[in-house]
Amino acid sequence: MAEKLIILGSGPSGLTAAIYAARADLNPLVLEGINPGGQLMGTTEVDNFPGFPDGIMGPELIQNMKKQAERFGAKFETKNVDSVDFSNPKNLKLVVSEKTYETESLIIATGATARWLNLGKDEERFWGKGYTACATCDGFFFRDKIVGVVGGGDSACEEADFLTKFATKVYLIHRRDELRASKPMQKRVFDNPKIEILWDKNVTDLHGENLLESVELTDSKTDKKNSLKLDGLFVSIGHTPATKFLGESLEKLPNGYLKVENHTKTKIPSVFVAGDVCDHQYRQAITAAGMGCMAALDAERYLTGGISQTY
Ligand code: NAP
């Protein structure tokens, strides 16, 4: 029998969609992925999610959201979807290994993964111990420290600027001799006396006992190597939205993120999108959660012929 609503993904957007949809009696099925919880599972303390004055650990926040969704009857399966057949919008077919799930509506909240530098085992060893991908989440822990930011786009520049609130010195480490970031963002970096740009440099190794202590830099023009002492390294070289299983069926932006219209809608009336899989700009747990709420309300309106039962 077809489900009314399937939600793909179990980060803040998928789980908030599940809470709202379950409370609206849609009995949603969440296919949470084989690594449930999304990016918050790799985060330590979350200090900026409203409602937690003393902060909360990322995995605990996710666990709480899941419990809340289950309280209202959301069902969970730890599965990845291989492909989706969108040919009949009223009966979407999701292929999961040998099984096919049918559903009247779908919320895609599969998120995005931060790109890493591909430095092998050391990257995992120092993850959360000085090596991180989120200045907004972790910047606070680097008060009076020296940090580096890898990247030359808007995110790297914004993060470098943000980190100067805490750190005494921020190195912006970029592999080329010009920034990709927009001109206003570049100006912000050039005008900030705490930021020093290291041009034509790649981070090629990480060093330290338990915590990160220094990085190896390799010049992209001369191949010359040198060591740079750092307490923290923020990698900001872009994210990859999890859309591979969708093929070309839904519209995407040139940067690969799903294109949404009117908040969470797609060209297919029964398909809605929420969170980092479509949001390349804000990418916060709270904005993802907000979009998950909107997607659930939009799906509910679609299923009930335009009338929301929720409020
Ligand atoms: P991005 O624009 O794709 O920039 C990624 C940066 O990382 C580039 O400078 C790239 O270098 C570098 N990079 C990529 N792979 C690398 C590697 N393996 N090693 C070293 N460096 C590497 O990504 P983003 O900065 O996250 O921005 C994503 C989108 O969000 C953009 O459209 C951006 O405008 C937008 N955004 C806007 C704002 C804002 O307006 N406030 C803030 C943040 C993001 P190259 O330049 O050499 O390719």
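Just follow the structure's listing: the first ligand is 1, and inside any ligand the first atom is 1. Keep in mind that the numbers below use all heavy atoms, side chains included, and drop hydrogens, waters and symmetry copies.
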Do [X] and [Y] meet the criterion of a side-chain donor-acceptor pair at a distance under 3.5 Å?
X: Asp138; Y: Thr132; answer: yes
X: Gln39; Y: Asp276; answer: yes
X: Arg283; Y: Ser155; answer: yes

Provide the number and element of each atom of ligand 1 under 4.0 Å from a heavy atom of Gly152.
6 (C), 8 (C), 9 (O)

Looking only at protein heavy atoms, identify the closest one to [atom] and say how far it is in Å.
atom: atom 23 (O) of ligand 1; value: Gly238 CA, 4.0 Å
atom: atom 22 (C) of ligand 1; value: Ile237 CG2, 3.4 Å
atom: atom 46 (O) of ligand 1; value: Arg176 NH2, 2.8 Å
atom: atom 27 (O) of ligand 1; value: Ser155 OG, 3.6 Å
atom: atom 38 (C) of ligand 1; value: Asp154 CB, 3.7 Å

Under the salt bridge (charged side-chain N to carboxylate O under 4.0 Å, His left out) definition, can you give me all pairs with a residue in residues 158-175, not counting sequence neighbours?
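Of all non-adjacent pairs touching residues 158-175, those that pass salt bridge (charged side-chain N to carboxylate O under 4.0 Å, His left out) are Asp161-Arg188, Lys169-Glu196.
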
Evaluate the ring planes of Phe190 and Trp199, with Trp represented by its six-membered ring, and classify them as parallel (under 30°), tilted (30 to 60°) or perpendicular (over 60°).
tilted

Does a side-chain N-to-carboxylate-O contact under 4.0 Å join [X] and [Y]?
X: Asp200; Y: Arg176; answer: no
X: Lys79; Y: Glu32; answer: no
X: Glu70; Y: Lys75; answer: no

Ligand 1 versus His280: contacting region, heavy-atom distance under 4.0 Å:
both

Should the proximity of Met185 to ligand 1, defined as any heavy atom under 4.0 Å, be assigned to the side chain, the backbone, both, or neither?
side chain

Quick check: [X] and ligand 1, any N/O pair under 3.5 Å apart?
X: Trp116; result: no
X: Asn202; result: no
X: Gly151; result: no
X: Arg175; result: yes
X: Val150; result: no
X: Gln281; result: no

Can we call the ring centroids of Phe142 and Phe234 under 6.0 Å apart?
yes

4.0 Å protein heavy-atom contact status of atom 31 (C) of ligand 1, strictly under
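It does not: no protein heavy atom is found less than 4.0 Å away from atom 31 (C) of ligand 1.
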
Sub-4.5 Å side-chain heavy-atom contact between Leu258 and Leu246
yes

Could you pull out, from Arg180, Arg283, Glu158, the option with a heavy atom nearest to atom 8 (C) of ligand 1?
Arg180

Looking at ligand 1, is there an atom of it that comes within less than 4.0 Å of some heavy atom belonging to His174?
yes

Under the side chain to side chain donor-acceptor pair (under 3.5 Å) rule, what do Lys225 and Thr218 come out as? Steps first, then yes or no, please.
CA-CA 4 Å; Lys225 294 184 192 307; Thr218 302; 3.3 Å; yes

